[in-house]
Amino acid sequence: MGREWNCVGDGIYQRKGVSDFSLRQIYESGQAFRFKEVREDTFLVVHQQHWAIVSEQGDTITLQNTTLQECEDVWNRYFDLERDYHTLKQSFLGLDDYLDKAISFGEGLRILNQDIFEMIITFIISANNHIPRIKNSITKICEFAGTPIGEYDGEVIYAFPKAEQIQKLSQEQWDGIKLGYREKYIKKTVDMIVNQEIDIAQLPSLDTLEAQKELMKLSGVGEKVADCILLFSMAKYDAFPMDTWMKKVMQRYYPDESMGNIRRVRSLGVELFGSFAGIAQQYLFYYEREQSKRRK
DNA sequence: CTCCAGGTCAAAG
DNA sequence: CTTTGACATGGA
C-alpha cells in the first residue's frame with residue numbers, strides 16, 4: 001500500500017484505476033452540500049479543515065492543494081476509494097428490476113464519509129426543505145461561524161463550524177441564515193452536544209439501531225434525518241432513509257407491501273436489499289429524482 | 001394564488 | 001403506539 005497516489009506537480013496528486021466514480025453524480029445525489037463547481041467538471045471540495053480542487057479524467061482522479069499524507073489519511077476515506085463498488089453493485093443486480101436500472105443510471109455514485117457533526121446540522125436543515133435552500137443556509141453558516149482555512153480564486157474557504165462556534169452567532173446572523181422554524185432545533189441540538197448530553201464521537205461504535213436511537217434524542221432529528229447521518233458520516237449502510245422520493249418509489253413499485261406505512265416500507269427496503277440497503281437507497285433516490293427532473 | 005420541499009414535534013386519539 | 005396539523009421560507 002501507499003503507492004496509489006502519484007505526485008504530478010506542486011501539491012497535485014493523482015490516483016489511477018478509480019472506476020465506478022463520478023464527481024457530478026455524487027454532487028447531485030443530495031448527500032454533499034460542500035461541493036462547488038469552480039469550472040466545468042472540476043469541484044472545490046471541503047472536508048473538516050481540508051480542501052482540494054478535484055477533477056477526473058477517465059479512471060483517474062486528480063486533487064490539487066493536497067499532500068500525499070492527506071490523500072492517504074483523509075481523501076481515500078472521504079471518497080470511499082478503498083471500497084470495491086463494482087463488486088458491491090454486482091451483488092445488487094437481479095434483486096429488483098427498478099434497482100437494476102437505477103444502478104446503471106447512477107453508475108458513478110458513492111457514499112461519502114463526511115463529518116458527523118456537519119451531517120447532523122446539515123440534515124436537520126434538510127427536513128421539509130429544498131436542496132438549493134439547504135445549500136444556501138449551509139454556505140452562510142460556514143461564512144458566519146466557520147474558521148477560514150484557505151483561499152481559492154479570490155474567495156475565502158471556510159471550514160464547517162464547530163458547535164461552540166455556532167453558539168456564538170448573533171441573532172442578526174441567525175436571521176441571515178434563513179433556517180425558518182429549524183433555527184430553534186439547531187440551537188437546541190448544538191447546546192446538547194456542547195453540554196455532552198450525547199457523545200457523538202462514540203456513535204460509530206454503536207450498532208445502527210442504537211446509534212439511531214441516540215441521534216433521535218437531538219432536537220430536529222427524527223428517523224429519516226438520523227438515517228442520513230448514519231449513512232453519510234458513519235458508513236452505517238443498513239440505515240435506509242425514507243424521504244418523500246423513496247416513498248414515491250416504494251409505493252409505485254411495491255404498492256401491496258407498503259400500503260402507505262413508512263416504517264413498514266423502510267423495513268421492506270432493508271429486507272429486500274440487506275446490510276447494504278442504504279447504498280441501494282442512494283441509487284434509487286438519485287434515479288428517481290433525476291427522472292423527475294427530466295419530465296419537466 | 002396555491003403547492004411543495006431528502007420531516008419533526010407535540011398534542012390527541 | 002399511530003395519526004394529525006403546524007411549522008418558515010422561497011421558488012415553481
Side-chain angles (χ1 to χ4, degrees), chain A residues 25-35 102 106 109-112 114 118-141 169 171-193 197-198 209 212-234 236-237 239-252 258-267 269-270 277-296:
Chain A
Q25 289 183 1
I26 293 167
Y27 170 61
E28 289 178 351
S29 70
Q31 61 176 307
F33 297 91
R34 305 224 56 208
F35 276 43
L109 284 173
R110 282 182 181 238
I111 307 290
L112 300 175
Q114 302 183 73
E118 179 176 335
M119 289 302 97
I120 290 172
I121 302 304
T122 295
F123 281 95
I124 291 174
I125 296 172
S126 79
N128 200 28
N129 207 347
H130 288 92
I131 286 181
R133 261 173 57 82
I134 299 166
K135 199 172 176 182
N136 285 334
S137 292
I138 290 167
T139 302
K140 279 175 186 147
I141 287 183
L169 286 167
Q171 190 54 50
E172 295 97 292
Q173 289 175 315
W174 281 109
D175 294 343
I177 297 168
K178 307 281 185 195
L179 294 172
Y181 64 91
R182 304 167 197 84
E183 180 178 309
K184 57 181 178 292
Y185 298 156
I186 306 272
K187 285 176 172 171
K188 253 190 218 174
T189 284
V190 162
D191 287 344
M192 288 177 75
I193 289 171
E197 287 175 53
I198 97 162
L209 283 177
Q212 187 197 46
K213 202 173 149 196
E214 273 300 290
L215 282 166
M216 286 172 64
K217 292 178 182 171
L218 296 171
S219 180
V221 179
E223 285 182 78
K224 185 269 172 185
V225 167
D227 277 341
C228 285
I229 297 164
L230 293 164
L231 187 56
F232 299 133
S233 71
M234 291 176 234
K236 303 285 191 191
Y237 299 128
F240 194 82
M242 283 302 306
D243 58 38
T244 50
W245 297 97
M246 283 307 296
K247 286 174 209 164
K248 284 181 199 170
V249 176
M250 298 303 264
Q251 285 175 6
R252 176 146 27 99
S258 60
M259 301 192 299
N261 185 317
I262 295 168
R263 204 167 294 164
R264 191 168 301 152
V265 179
R266 183 188 188 280
S267 56
V270 178
I279 302 183
Q281 188 272 0
Q282 194 63 8
Y283 291 112
L284 292 170
F285 171 84
Y286 177 70
Y287 185 51
E288 182 68 15
R289 218 168 76 85
E290 293 299 315
Q291 293 299 311
S292 163
K293 276 190 204 168
R294 290 183 61 187
R295 278 179 215 127
K296 291 180 185 173

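Chain naming here is simple, since letters A, B, ... match the order of the sequence lines and numbering starts at 1 in each. No hydrogens, no waters, no symmetry mates; every other heavy atom, side chains included, goes into these values.
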Whole-Å distance separating the CD atom of A/Q212 from the C1' atom of B/dG7: 14 Å

Which class fits the ring pair A/W245 and A/F285: parallel under 30°, tilted 30 to 60°, perpendicular over 60°? perpendicular

Assess, by modelled atom type and distance only, whether the side chains of A/S29 and A/Q282 contain a donor and an acceptor separated by less than 3.5 Å. yes

Atom-pair distance (CE on A/M216; P on B/dA10), nearest Å: 12 Å

Determine, step by step, whether A/I121 and A/V190 satisfy the side-chain contact (heavy atoms from CB on, under 4.5 Å) criterion, reporting the C-alpha distance in whole Å, the side-chain angles of both residues, the deciding distance to 0.1 Å, and the verdict. CA-CA 8 Å; A/I121 302 304; A/V190 162; 4.0 Å; yes

Please determine, for the side chain of A/R182, which listed nucleotide (B/dG6, C/dA8, B/dC9) has the closest atom? C/dA8

Return whichever of A/G220 or A/Q281 has its heavy-atom-nearest nucleotide of DNA chain B closer to the 5' end. A/Q281

Which residues within residues 126-138 of chain A lie with some heavy atom under 4.0 Å of an atom in DNA chain C? A/N128, A/H130, A/R133

OP1 or OP2 of B/dG7 less than 4.0 angstrom from a side-chain nitrogen or oxygen of A/K247, does that happen here? no

In this structure, how many angstroms lie between the C1' atom of B/dG6 and the CZ atom of A/R266, rounded? 15 Å

Restricting to non-hydrogen atoms, name the atom on A/D243 and the atom on A/K224 that form the minimum distance, rounded to 0.1 Å. CB-CE, 3.6 Å

C/dG10 OP1/OP2 closer than 4.0 Å to side-chain N/O of A/K178: yes

Between CD1 of A/I124 and C1' of B/dG6 the distance, given in whole Å, is 14 Å

Going by modelled atom types, is there a donor-acceptor pair between the base of B/dG6 and the side chain of A/Y286 at under 3.5 Å? no

Distance in angstrom units between A/L215 CG and B/dC9 P, rounded: 12 Å

Using atom P in both nucleotides, what's the gap between B/dA10 and C/dA8 to the nearest angstrom? 13 Å

Looking at the side chain of A/V225, which of B/dT8, C/dC7, B/dG6 is the nearest nucleotide? B/dT8

Rounded to whole angstrom, note down the P distance from B/dG6 over to C/dT3. 24 Å

Only counting residues at least two apart or in another chain, list the ones meeting side-chain contact (heavy atoms from CB on, under 4.5 Å) with A/D175. A/Q171, A/E183

